[in-house]
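See below for the structure under consideration.
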Amino acid sequence: MFHKLHHISYLFFLCAFLMVSCNAGSESDSAEEELVQRALEIHDRVLTVDTHADTPLRMIQPGFDMAERHDPKETGSKVDYPRMKEGGLDAIFFAAFVAQDIRDDDGNTRAKALCLQMIDSIVSSTQKNADIVGLALNPDDAYAIEKEGKRAIYIGIENGYPIGSDISNVAEYYEKGVRYITLVHSSNNDLADSATDPDGTEHGGISEFGAEVVKEMNRLGIMVDVSHGNDSVFYDAIELSKAPIIASHSNARAVTKHDRNMTDEMLQLMAKNGGVVQLTMLADYLRTAPPNPERDSAVAALRASMKPVSEMTPEERTALRESFQALNEKYPAPPATVKHVADHIDHIVKVAGIDHVGIGCDFDGGGGIEGVFDASEVMNITIELVRRGYTEEQIEKIWGGNLIRVFKEVQAVASEIQAAG
Amino acid sequence: MYSILYVMILLVEAATPAASASSHPLRLSLCEIEYTSKQQLMTINLKLFLTDVNEALVFDPYSKELAFCQPNESAKADQLLLDYLNKFFYVKTNGKKVELKIQRKKLSGEGDNTALWVYFEHKQGQSLTSLEIKNAVFTDLFFDQNNIVYAHINGKSKSLMLNKKTSAHQLTF
């Protein structure tokens, strides 16, 4: 998967290594080259699964073609099929996302229509590109599709809002290929409370209807995703779900204090539950943004020199905008890096164990950091894990083994429930 | 050999500021357009992050100068907002641009997540045969700004994503 020597990140490692080698030629450089090579080989061998990407939002961009390679610096696009191949990303869950809106019959009907449009976009993309990707419905499909040299595309729903108040919609989405549902997003809905709703808790966690939805998801074999839910949603899901649960894109709160991240107690309970927490590449969830005093001073000085906005000509506004942009480029925000990602993985492994952590980058939904900016750079996670001493067996679990295990258990529980009638 | 490698490193480093800038949260806005021929009324609602609005209008995301939806809202707030929107946003019905007149505004959320909702209405007497939307708001600020558009026309819903590269799209009925 890494025969493309033009790949920018791999090239960076290679160039950096060679430059240093020219100058120093030390043994440690040789060791670094060996480490990178070993990591890339491991990355190539293990199944790599990313459980969360909002790429369906790109699929509704007129003219956006998933089979073409896009420049991530152009519009921020993070995933397409060529870049998945470059990064050695074998499988991905594309999340059909519908923004929370009015919670009445009209709102629910519209949310369902929009959700179905997104799901149809995913399915038709896999059909159109059947030579390079395949629609995956079951856990083993990822391995089978990877064996064919293709990328496996799974479908999730981010935000249970499109279920509305009609429980039969859950089965309809399952039939369409949906294999996880994130119960709630950034605002409370009829199923559950959000971790980030400014109005606070509404149901005290999962609502009565949300509990029915969880039960139906268990019956069908859909993974229950607690990312975006408040803490009570997590505890309720652990209590209600007959199958292990997932957090498709969440980090560790002890490492980075954020309501979207999970406490150590939650991580331990996740381990007891048999579920998995999928690490996400959102900068604010990976580290507390460090201060940027040089930029702040320069911006304050520029603002102090401004004349009143209402007195500016359009040309003056344009020039001022360029001055601000120049400052942003001169003093960029200190980035989150792959080291922060590994810090979170280290912590979750310490608290919950190696069997309960995975990767859910949230590309095209805000995810993307220095070194893991888009799908073409995900191998840098593996390199950092190897650097920290993780074995191939452990990396295999992190990159997909754990998630696939949970997925299989969710299906096994569904079979039992259906057999029991 | 050395000079070639050095140039390559410089090229990679040149990409760093853009990469760092985009480690910010997702840059997104939402636009909802609703129309039923029975009512002959089109409503256009924009949901914009207030920090983005302030940055775009007065070059300061946390500025209190315009004080949208506050008792001390600046007399020039609406005009500045309209001037900006008219540059980066339009809706055309049957090929004709809708004149944007703010009907009302509201704030929701808190902190960095505070959203400014801006409501417009348009009387559409003739039957709607085409709807063209341009939504490039904040693409002058952020290269990775993306704007979701939900169109609900006579009971049928359609979603679109518009951005700097693809800023406008026409739907036909």
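Letters A, B, ... are given to chains in the order of the sequence lines, protein chains preceding strands, and every chain is numbered from 1.
With a threshold of 4.5 angstrom between heavy atoms, I148(B) approaches chain A through side-chain atoms but not through N, CA, C or O. Looking at P72(A), only its backbone comes within 4.5 Å of chain B, counting heavy atoms on both sides. Interface remark: L320(A) contributes backbone and side-chain atoms alike to the contact with chain B (heavy atom separation under 4.5 Å). Proximity to chain B is limited to the side chain of M306(A), based on heavy atoms less than 4.5 angstrom apart. In this structure, chain B has a heavy atom under 4.5 Å from the side chain of M312(A), while its backbone stays farther away. Interface residue E74(A): backbone and side-chain heavy atoms are both found under 4.5 Å from chain B. Both the backbone and the side chain of V98(A) come within contact range of chain B, each with at least one heavy atom under 4.5 Å from a heavy atom of that chain. In this structure, chain A has heavy atoms under 4.5 Å from both the backbone and the side chain of K165(B). The part of D364(A) that comes within reach of chain B is its backbone (N, CA, C, O), which places non-hydrogen atoms under 4.5 angstrom from that chain. Both the backbone and the side chain of R110(A) have a heavy atom closer than 4.5 Å to some heavy atom of chain B. With a 4.5 Å cut-off on non-hydrogen atoms, D60(B) touches chain A through its backbone and its side chain both. Looking at E34(B), the atoms closer than 4.5 Å to chain A (heavy atoms on both sides) all sit in the side chain, from C-beta outward.
In plain terms, the two heavy atoms of V309(A) and L57(B) that are nearest each other are CG1-O, 3.2 Å. Between G109(B) and P198(A) the shortest heavy-atom distance is CA-CG, 3.5 Å. Closest approach of L57(A) to M161(B), counting heavy atoms only: O-CB, 3.2 Å. Minimum heavy-atom separation, P61(B) to R303(A): CD-NH2, 3.6 Å.
In this structure, the side chain of Y150(B) does not engage the main chain of A111(A) through any donor-acceptor pair within 3.5 Å. Here the side chain of R321(A) pairs no donor or acceptor atom with the backbone of D140(B) at under 3.5 angstrom.
Interatomic distance, OG of S159(B) versus CG of L114(A), reported as 5.0 Å (0.5 Å rounding). Rounding to the nearest 0.5 Å places CG of D284(A) at 8.5 Å from CG of D112(B). Interatomic distance, CG of N163(B) versus OG of S77(A), reported as 9.5 Å (0.5 Å rounding). H152(B) contributes atom NE2, which lies 10.5 Å from atom OG1 of T109(A) (distance to the nearest 0.5 angstrom). Separation of atoms OG (S310(A)) and CD (Q79(B)) is listed at 11.5 Å; rounding is to 0.5 Å.
Annotation: K38(B), atom NZ; neighbour count of heavy atoms from other residues, nucleotides and ligands within 6.0 Å does not exceed 12. The local environment of CG in D296(A) is crowded, with over 12 non-hydrogen atoms from other residues, nucleotides or ligands closer than 6.0 Å. Crowding of K106(B) atom NZ: a count of heavy atoms from other residues, nucleotides or ligands under 6.0 Å exceeding 12. Atom CD of Q39(B) sits in a sparse spot, with 12 or fewer heavy atoms from other residues, nucleotides or ligands closer than 6.0 Å.
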Problem set entry | Verdict with supporting geometry, L160(B) and Q61(A), side-chain contact (heavy atoms from CB on, under 4.5 Å) | CA-CA 6 Å; L160(B) 296 171; Q61(A) 176 185 321; over 6 Å; no
Problem set entry | side-chain contact (heavy atoms from CB on, under 4.5 Å) between D144(B) and K78(A), worked out | CA-CA 10 Å; D144(B) 54 351; K78(A) 303 291 173 66; 5.8 Å; no
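Within the 4.5 Å cutoff, no side-chain heavy atoms of K158(B) are placed close to those of I60(A).
Between chain A and the options K156(B), E55(B), E65(B), Q145(B), heavy-atom pairs under 4.5 Å are most frequent for E55(B).
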